[in-house]
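Beneath this line is the structure, given in structure tokens, with notes to follow.
These numbers come from a predicted model, not from an experiment.
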Amino acid sequence: EFVATIVDDEAPEEIINFRGGSLSLHTWREIIQLNFIRHCLQGGFQIQLLTNATLQSIFGANGAALNDFAGLSQLEKRLTLSKTSEASKIADQVMAKQ
């Protein structure tokens, strides 16, 4: 990607898909920030993006649009959004059948 930016003058782009939408990053600064934060969080990036106002401001995300779960307690969020939630298990079963 670096070469394409330098040689072809192409802008970098990274699209993050998650529950509730997607986020497009169009600068190297944003992409490097994303990679650093992903490294630090080690797999908890998406839930943090949905619930953490600081990350939403860093990436210019609309917190109200992303965070449909604002009124839930920490336990309710974990039961609803975690990989081991019933909704995730059902989604995995549906994907496996296809």
Side-chain angles (χ1 to χ4, degrees):
E1 288 185 44
F2 292 113
V3 174
T5 300
I6 295 169
V7 174
D8 301 330
D9 198 28
E10 285 184 24
E13 183 177 33
E14 177 125 2
I15 298 173
I16 305 158
N17 294 309
F18 52 89
R19 272 184 233 139
S22 63
L23 181 66
S24 297
L25 306 177
H26 299 285
T27 66
W28 284 114
R29 188 194 82 186
E30 292 173 331
I31 293 170
I32 290 169
Q33 286 175 332
L34 168 70
N35 290 334
F36 176 76
I37 291 171
R38 275 185 172 163
H39 175 74
C40 292
L41 294 176
Q42 297 185 6
F45 174 73
Q46 290 187 6
I47 189 66
Q48 286 296 322
L49 183 63
L50 291 172
T51 59
N52 187 320
T54 303
L55 282 182
Q56 292 169 1
S57 68
I58 289 172
F59 294 109
N62 182 351
L66 292 177
N67 198 355
D68 292 337
F69 305 100
L72 301 178
S73 71
Q74 190 69 15
L75 177 60
E76 290 170 324
K77 288 178 188 175
R78 188 175 305 127
L79 292 173
T80 305
L81 300 172
S82 76
K83 292 179 182 177
T84 58
S85 72
E86 198 61 34
S88 291
K89 290 177 184 178
I90 292 170
D92 286 343
Q93 290 174 352
V94 169
M95 292 279 288
K97 289 180 182 178
Q98 293 177 353

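Contact detail for Thr27 and Pro12: the closest heavy-atom pair is C-CG, 3.9 Å. In plain terms, the two heavy atoms of Glu30 and His26 that are nearest each other are OE1-N, 3.0 Å. Between Ser24 and Ile15 the shortest heavy-atom distance is OG-CG1, 3.8 Å.
Hydrophobic clustering of Ile, Leu, Val, Met, Phe, Trp and Tyr side chains at less than 4.5 Å, counting indirect connections, unites Leu49 with Phe36.
Applying the salt bridge (Lys or Arg N to Asp or Glu O under 4.0 Å) test to residues at least two apart or on different chains, none of the pairs has a partner in residues 49-59. Screening residues 31-46 for salt bridge (Lys or Arg N to Asp or Glu O under 4.0 Å), with sequence neighbours left out, gives Glu14-Arg38.
Inter-residue side-chain proximity for Ile16 and Phe59 is flagged as unmet; no heavy-atom pair is nearer than 4.5 Å.
Distance check: Ile58 CD1 to Gln56 CD gives 10.5 Å after rounding to the nearest 0.5 Å. In this structure, CG in Leu41 is found 6.5 Å from CG in Leu55, a value given to the nearest 0.5 Å.
Residues satisfying the side-chain hydrogen bond (donor to acceptor under 3.5 Å, both in side chains) test with Gln48, not counting sequence neighbours, are Asn52.
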